[in-house]
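One-based numbering, in listed order, for ligands and for the atoms of each.
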Amino acid sequence: MAFRTARNLAYFSNYIRNYSTNGPLVNVTVNEKSGFATATLQRPSVNSLNLELLTEISHTLQQLEKNKCRGLILTSASNKVFSAGLDLFELHKPNADKIKQMWSTLQEVWIKLYGSSYPTVAVVNGHAPAGGCMLALSCEYRVMLNNFIIGLNEAQIGFSAPMWLIDGMRNTIGSRQAEFALTAGTLFKTEEALKIGLVDEVAQSKEEAIEKAEKFLNKFAKIPPHARSMTKAALRGANIQALVRNKDEEVRSYVDFVTDSQFQDSLGEFIELNLKQKLSK
Ligand SMILES: CC/C=C\C/C=C\CCCC/C=C/C(=O)SCCNC(=O)CCNC(=O)[C@H](O)C(C)(C)COP(=O)(O)OP(=O)(O)OC[C@H]1O[C@@H](n2cnc3c(N)ncnc32)[C@H](O)[C@@H]1OP(=O)(O)O
């Protein structure tokens with residue numbers, strides 16, 4: 001088992017430190033006492049998910065799995081935005097090869113995070129629309145700070161969330177609430193998200209949120225890790241397998257969908273209406 005000896009722990013911590021120096025978009029630190037890793041997203045200014053950030057998240061998750069991480073806290077370096085979701089500027093008039101890779105890496109991130117063997121908590125210390133909500137949903141527990149928004153607003157932008165993300169929402173808040181939320185593309189304020197179970201706890205500060213996250217992770221201290229991860233796999237495996245089977249087909253439909261002129265027009269309108277930065281004409 002990982003971290004059985006101080007030497008193992010020291011090795012892992014050094015390894016992670018070395019790794020984090022190579023990853024400017026995701027900073028990883030390990031609490032040497034608890035063995036919990038904190039991965040902090042730090043792509044300025046809103047952690048929008050472009051290919052580079054998604055690739056780094058995916059590599060981080062792979063390394064944590066390989067090193068038998070004891071628990072992960074996923075959070076943001078920004079005190080306003082957890083993640084603004086997919087980088088909308090990179091979806092506008094895109095290079096087909098790049099968005100193909102982007103979608104495939106997004107699927108990998110979901111598979112690795114939703115299916116991780118170790119326990120995971122999102123400390124949602126800022127807004128989390130769309131892909132930001134996706135990252136939070138793929139964790140096992142969510143602690144959110146007050147006065148932010150979270151939800152899957154894809155319908156408002158002009159598309160449907162993919163099946164695996166719908167599954168994640170349904171498994172978290174139930175079918176009825178998921179149908180209401182997804183068809184309207186609702187973004188929930190923190191307190192509303194707590195009421196429907198989209199987040200598990202509310203905190204007043206990041207420090208308090210980290211404490212709550214660690215308390216959740218500590219619940220598993222006496223549970224044999226293999227029993228915990230087998231149970232998680234039994235609960236989440238069917239959804240993950242469904243995506244694995246359909247991965248390539250979904251990438252093809254996504255690229256067709258995003259490169260279509262109708263989608264490009266509605267994305268252009270969404271950006272002009274909702275984002276401060278505008279498109280260059
Ligand atoms: C088979 C499948 C086929 C088809 C399916 C197709 C697609 C399914 C995709 C499903 C999965 C995920 C989808 C997504 O993630 S889409 C992204 C949706 N994101 C949003 O709607 C968020 C938009 N942003 C906001 O609402 C606000 O910016 C936010 C996050 C609440 C923060 O607000 P605020 O603090 O006021 O900050 P600003 O608005 O001033 O923004 C600061 C800065 O960031 C830029 N920005 C914001 N969001 C994005 C983004 N998503 N991408 C790129 N850039 C973003 C913004 O323009 C500002 O830039 P500036 O240069 O002015 O600083």
Quiz prompt | Closest protein heavy atom (residue, atom, distance) for atom 42 (C) of ligand 1 | solution = V46 CG1, 3.8 Å

Quiz item: With atoms numbered from 1 as shown, which atoms in ligand 1 lie under 4.0 angstrom from a non-hydrogen atom of K80?
Solution: 35 (O)

Quiz item: Quick check: does L88 get an N/O under 3.5 Å from an N/O on ligand 1?
Solution: yes

Quiz prompt | Heavy-atom neighbours of K232 NZ exceed 12 at 6.0 Å | solution = yes

Practice problem: Select the closest option to atom 5 (C) of ligand 1 among P162, S160, S78, judged by heavy-atom distance. | Solution: S160

Practice problem: For the residue pair S76 and N47, confirm or rule out a side-chain donor-acceptor distance under 3.5 Å. | Solution: yes

Quiz item: Which heavy atom of I166 sits nearest a heavy atom of S160, and at what distance?
Solution: CD1-OG, 4.2 Å

Practice problem: Could you tell me whether the side chains of N125 and T75 share a donor-acceptor contact shorter than 3.5 Å? | Solution: yes

Quiz item: What residue and atom, counting heavy atoms only, is the protein's closest point to atom 39 (O) of ligand 1, and at what distance?
Solution: K276 CG, 4.5 Å

Quiz item: When you look for heavy atoms under 4.0 Å from ligand 1, do you find them on the side chain of I157, its backbone, both, or neither?
Solution: side chain

Quiz item: Are Y114 and N171 close enough, and set up right, to give a side chain to side chain donor-acceptor pair (under 3.5 Å), and what steps lead you there?
Solution: CA-CA 12 Å; Y114 197 64; N171 293 344; 2.9 Å; yes

Quiz prompt | Region of W103 engaging ligand 1 - heavy atom pairs below 4.0 Å | solution = side chain

Self-check item: contact_flag E250 ligand 1 heavy-atom lt 4.0 Å
Solution: yes

Quiz item: To the nearest 0.1 Å, how far is atom 24 (N) of ligand 1 from its closest protein heavy atom, and which atom is that?
Solution: L275 CD2, 3.4 Å

Exercise. Pull out every atom of ligand 1 sitting under 4.0 Å from any heavy atom of F89, numbered as shown with elements.
Key: 53 (C), 54 (N), 57 (O)

Quiz item: Does the side chain of Q62 pick up a donor-acceptor pair with the side chain of K112 at under 3.5 Å?
Solution: yes

Quiz item: Has G132 got any heavy atom lying under 4.0 angstrom from an atom of ligand 1?
Solution: no

Quiz item: Under 3.5 Å, N or O to N or O, is N153 touching ligand 1 that way?
Solution: yes

Quiz item: In the protein, what heavy atom is nearest to atom 10 (C) of ligand 1, and what distance, to one decimal place, separates them?
Solution: E154 OE2, 3.4 Å

Practice problem: Would you tell me whether Q107 and W164 have side-chain atoms, one donor and one acceptor, within less than 3.5 Å of each other? | Solution: no

Quiz item: Which of the atoms in ligand 1, numbered in the order shown and given with their element, are less than 4.0 Å from a heavy-atom of G131?
Solution: 12 (C), 14 (C), 15 (O)

Quiz item: Which of the atoms in ligand 1, numbered in the order shown and given with their element, are less than 4.0 Å from a heavy-atom of P129?
Solution: 22 (C)

Practice problem: Please write down residue, atom name and distance for the protein heavy atom closest to atom 51 (N) of ligand 1. | Solution: L86 O, 3.0 Å

Quiz item: Do V121 and E140 come close enough that some side-chain heavy atom pair is under 4.5 Å?
Solution: no

Self-check item: atom 46 (N) of ligand 1 touched by protein heavy atom at under 4.0 Å
Solution: yes

Exercise. Check whether any heavy atom of F270 sits under 4.0 Å from an atom of ligand 1.
Key: yes

Exercise. Would you please classify the geometry between the F216 ring and the F220 ring as parallel, tilted or perpendicular, with 30° and 60° separating the classes?
Key: perpendicular

Quiz item: Does a donor on one side chain and an acceptor on the other come within less than 3.5 Å for N50 and D87?
Solution: no

Quiz item: What protein heavy atom sits nearest atom 61 (O) of ligand 1, and how far away is it?
Solution: Q277 OE1, 3.0 Å

Quiz item: Taking atom 20 (C) of ligand 1 as the point of reference, which of A130, A84, G85 owns the nearest heavy atom?
Solution: A84

Exercise. Flag atom 14 (C) of ligand 1 as yes if some protein heavy-atom distance to it falls below 4.0 Å, otherwise no.
Key: yes

Quiz item: Does NZ belonging to K212 count more than 12 external heavy atoms closer than 6.0 Å?
Solution: yes

Quiz item: Between the side chains of S34 and R70, is a donor N or O closer than 3.5 angstrom to an acceptor N or O?
Solution: no

Quiz prompt | Nearest heavy-atom neighbours spanning E90 and L51 | solution = OE1-N, 4.3 Å

Exercise. Give a yes or no on whether atom 26 (O) of ligand 1 lies under 4.0 Å from any heavy atom of the protein.
Key: no

Practice problem: Report the nearest protein non-hydrogen atom to atom 63 (O) of ligand 1: residue, atom name, distance rounded to 0.1 Å. | Solution: S45 OG, 4.3 Å

Practice problem: Would you confirm whether R252, through its side chain, and K247, through its main-chain N or O, come within 3.5 Å as a donor-acceptor pair? | Solution: no

Quiz item: Of all the non-hydrogen atoms in the protein, which one sits nearest to atom 3 (C) of ligand 1, and at what distance?
Solution: Y254 CA, 3.8 Å

Self-check item: Residue of the set L41, T38, L61 for which side chain to side chain contact (heavy atoms under 4.5 Å, CB included) holds with L74
Solution: L41

Practice problem: Indicate whether atom 35 (O) of ligand 1 is within a distance of less than 4.0 angstrom of some protein heavy atom. | Solution: yes

